[in-house]
Amino acid sequence: MNDTFIEFSRFLRENSKEIRDGLIMESGSPLKDIYNQVFEEHFLPYSRAPKPVNSVSSTDSSEFVRELYNGKKLILIRGYTLFGRNIHTSFIPQVKEVSRDHVQAYLTMLMEHSEHLSILKMLRDESPSYILVDGSFSGRVARKSKMLNAEGFREFHDSYFQSLRDLLSLCDDAGIPLIYISKSSESRKFSRFLLSELKKSGYSIDNLSIPDSTDHFLVRSLAKEKGYTEPLMGTYDLGTNGESVNVATTHVVPDIQDLPMKVEVIDPRLSDGDGIRDDIIDLVFWGYGSIKNHNIWLAQVDKMVKFRSAEMENVYMKAFESEIGVEFYETRGERRARLRV
């Protein structure tokens, strides 16, 4: 056994309680007793048998980045929207100068942009009853105030929000709900809502040290059966041109042993824009596969869109070297083979 694993084991032993407390509340936690007073009033158990749903499109994306020796980044992004047997693609190839501190944020925006472009392509020819997107909607609109150190970013920023506005407009015209599903989330909207409910009920929390917990931490700790949190409405600005959209957010517990999913819904079928209709809740529960497969439609498109290592090195990178005429990259196996000779 090597030294790094011994060090890791020691780290876990010394910090296990702190790590565990950050993931789930212990049964005797005073914080759990406090939140339980209002949680059950705003958590809706789910017991009905959902009907199968067929007319669903699903969207995901993938990225590949390689730093060239001149400091610029070779970036390949592709987004797939799957509907039935048809795949609608969006591909974004770039060689750009991007600050190392901003690379991941820039890649994330490119991936989200490619997802929206692929959905727009799909909507030219198809009319699904529901559109599923892997990820968070609120996280996307929050990017309106962030400027990244990337070549040509200001123009891209404008295109990013224009494609989002176009997508929402088309969905609104066609009456198609747009549903974003994210497995991980740092949102705190529901936990802050529960704190406000505690205050309304007369519970004094001003003198208590209550951490600003994430919604998933609370739901994972407090839910006793499968169900979903009471949908909360929010209005989000689309860029800087004054347009906005109403979004309903819930956290779904598909299985008491599994982690929650954040589900954000933009549903043009609701005249008052309030809440989430039962058919969408049914769709989320019916589409749940397992702990490793939180949504059958998104899992399917995820497998298709992923860049594979062999594909990138043997096809895309070889094409890059052949066309550009500069051999800047070689696989470890090729280098070893030459050195042995």
Side-chain angles (χ1 to χ4, degrees), residues 53-65 74-94 96 104-141 143-144 150 152-153 155-183 238-239 245 247 263-268 280 283-284 287 294-308 311-312 315-316:
V53 185
N54 295 317
S55 184
V56 179
S57 76
S58 54
T59 302
D60 202 356
S61 59
S62 184
E63 50 88 6
F64 172 84
V65 61
L74 168 64
I75 298 171
L76 304 179
I77 303 289
R78 65 184 178 195
Y80 281 10
T81 293
L82 176 65
F83 182 57
R85 296 183 178 180
N86 298 327
I87 301 176
H88 304 266
T89 67
S90 172
F91 181 60
I92 303 176
Q94 293 184 348
K96 289 283 181 71
Q104 193 53 57
Y106 182 59
L107 293 175
T108 299
M109 285 189 71
L110 282 173
M111 291 168 66
E112 294 166 349
H113 185 53
S114 73
E115 291 169 2
H116 295 151
L117 292 177
S118 70
I119 299 172
L120 287 169
K121 280 188 177 181
M122 181 271 295
L123 288 173
R124 295 173 189 167
D125 305 313
E126 317 266 16
S127 297
S129 298
Y130 308 92
I131 296 173
L132 295 185
V133 186
D134 188 45
S136 167
F137 178 81
S138 54
R140 300 178 192 220
V141 293
R143 307 193 197 290
K144 65 181 182 295
F153 180 76
E155 293 77 13
F156 166 65
H157 184 276
D158 293 342
S159 299
Y160 175 95
F161 279 98
Q162 186 58 54
S163 69
L164 181 55
R165 287 191 292 268
D166 290 345
L167 172 58
L168 292 172
S169 178
L170 278 180
C171 289
D172 187 62
D173 291 343
I176 302 174
L178 187 58
I179 307 164
Y180 288 79
I181 298 180
S182 49
K183 190 68 171 176
L238 301 175
V245 61
V247 181
V263 179
E264 295 169 294
V265 181
I266 303 160
D267 193 344
I280 292 179
L283 178 148
V284 174
H294 69 282
N295 183 274
I296 57 174
W297 295 288
L298 292 176
Q300 186 177 11
V301 72
D302 173 75
K303 291 177 182 178
M304 293 179 174
V305 76
K306 288 291 186 189
F307 283 120
R308 308 296 175 188
E311 174 189 17
M312 298 316 300
V315 179
Y316 285 85

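Treat the numbers as computed from the prediction; the structure is a model and nothing was measured.
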Taking all non-hydrogen atoms of both residues, which atom of [X] and which atom of [Y] are closest, and how far apart?
X	Y	result
L82	G84	CD1-O, 3.5 Å
M109	Y160	O-CE1, 3.4 Å
K144	H157	O-NE2, 3.2 Å
G79	S118	O-CB, 3.7 Å
F161	L238	CD2-C, 4.1 Å
S90	S114	CB-O, 3.4 Å

Residues that [X] engages under side chain to side chain contact (heavy atoms under 4.5 Å, CB included), provided they are two or more places apart:
X	result
K183	D258, L259, M261, H294
E311	R78, F307, R308, Y316
S55	F83, P128, S129
V53	V56, Y130, L283, W297

*Is there a side-chain contact (heavy atoms from CB on, under 4.5 Å) between L74 and V65 once you walk through the steps?*
CA-CA 6 Å; L74 168 64; V65 61; over 6 Å; no
*asked:* A side-chain contact here means heavy atoms from C-beta on lying under 4.5 Å apart; do L164 and F137 qualify?
replied: yes
_Minimum side-chain heavy-atom gap P177-I280 below 4.5 Å_ = yes
*Residues in ring-ring contact (aromatic ring centres under 6.0 Å, His included) with H116, at least two apart?*
none
*asked:* Once ring-ring contact (aromatic ring centres under 6.0 Å, His included) is applied, do any residues pair with Y80, and if so which ones, sequence neighbours excluded?
replied: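 For Y80 there are no ring-ring contact (aromatic ring centres under 6.0 Å, His included) partners, ignoring immediate neighbours.
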*Which residues share a salt bridge (Lys or Arg N to Asp or Glu O under 4.0 Å) with E126, sequence neighbours left out*: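 Per chain and number, E126 pairs via salt bridge (Lys or Arg N to Asp or Glu O under 4.0 Å) with no residue.
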_With K121 via salt bridge (Lys or Arg N to Asp or Glu O under 4.0 Å) - residues at least two apart_ = none
_Has S127 got a side-chain atom pairing as donor or acceptor with L123's backbone, closer than 3.5 angstrom?_
no
Rounded at 0.5 Å granularity, tell me how far [atom1] in [X] sits from [atom2] in [Y].
X	Y	atom1	atom2	value
Y180	E264	OH	CD	9.0 Å
I176	I131	CD1	CD1	5.0 Å
M312	S62	CE	OG	8.0 Å
L178	D172	CG	CG	11.0 Å
L298	I179	CG	CD1	10.0 Å
L167	L117	CG	CG	9.5 Å

Among side-chain atoms of [X] and [Y], is any donor-acceptor pair under 3.5 angstrom?
X	Y	result
S58	Q300	no
T81	T59	yes
H113	S163	yes

Applying side-chain hydrogen bond (donor to acceptor under 3.5 Å, both in side chains), name anything that partners [X], two or more places apart in sequence or on another chain.
X	value
E63	none
S61	E115
Q162	R165, D166

_Test side-chain contact (heavy atoms from CB on, under 4.5 Å) applied to Q94 and L110, step by step_ = CA-CA 10 Å; Q94 293 184 348; L110 282 173; 3.8 Å; yes
_Show, in sequence, the C-alpha distance, side-chain angles and deciding distance for H88 and I119, and conclude whether the side-chain contact (heavy atoms from CB on, under 4.5 Å) test is met._
CA-CA 7 Å; H88 304 266; I119 299 172; over 6 Å; no
*Keeping to residues at least two apart or across chains, list the salt bridge (Lys or Arg N to Asp or Glu O under 4.0 Å) pairs with something in residues 294-307.*
D302-K306
*When you look at I181 and D134, which way does the side-chain contact (heavy atoms from CB on, under 4.5 Å) test go after all the steps?*
CA-CA 5 Å; I181 298 180; D134 188 45; 5.6 Å; no
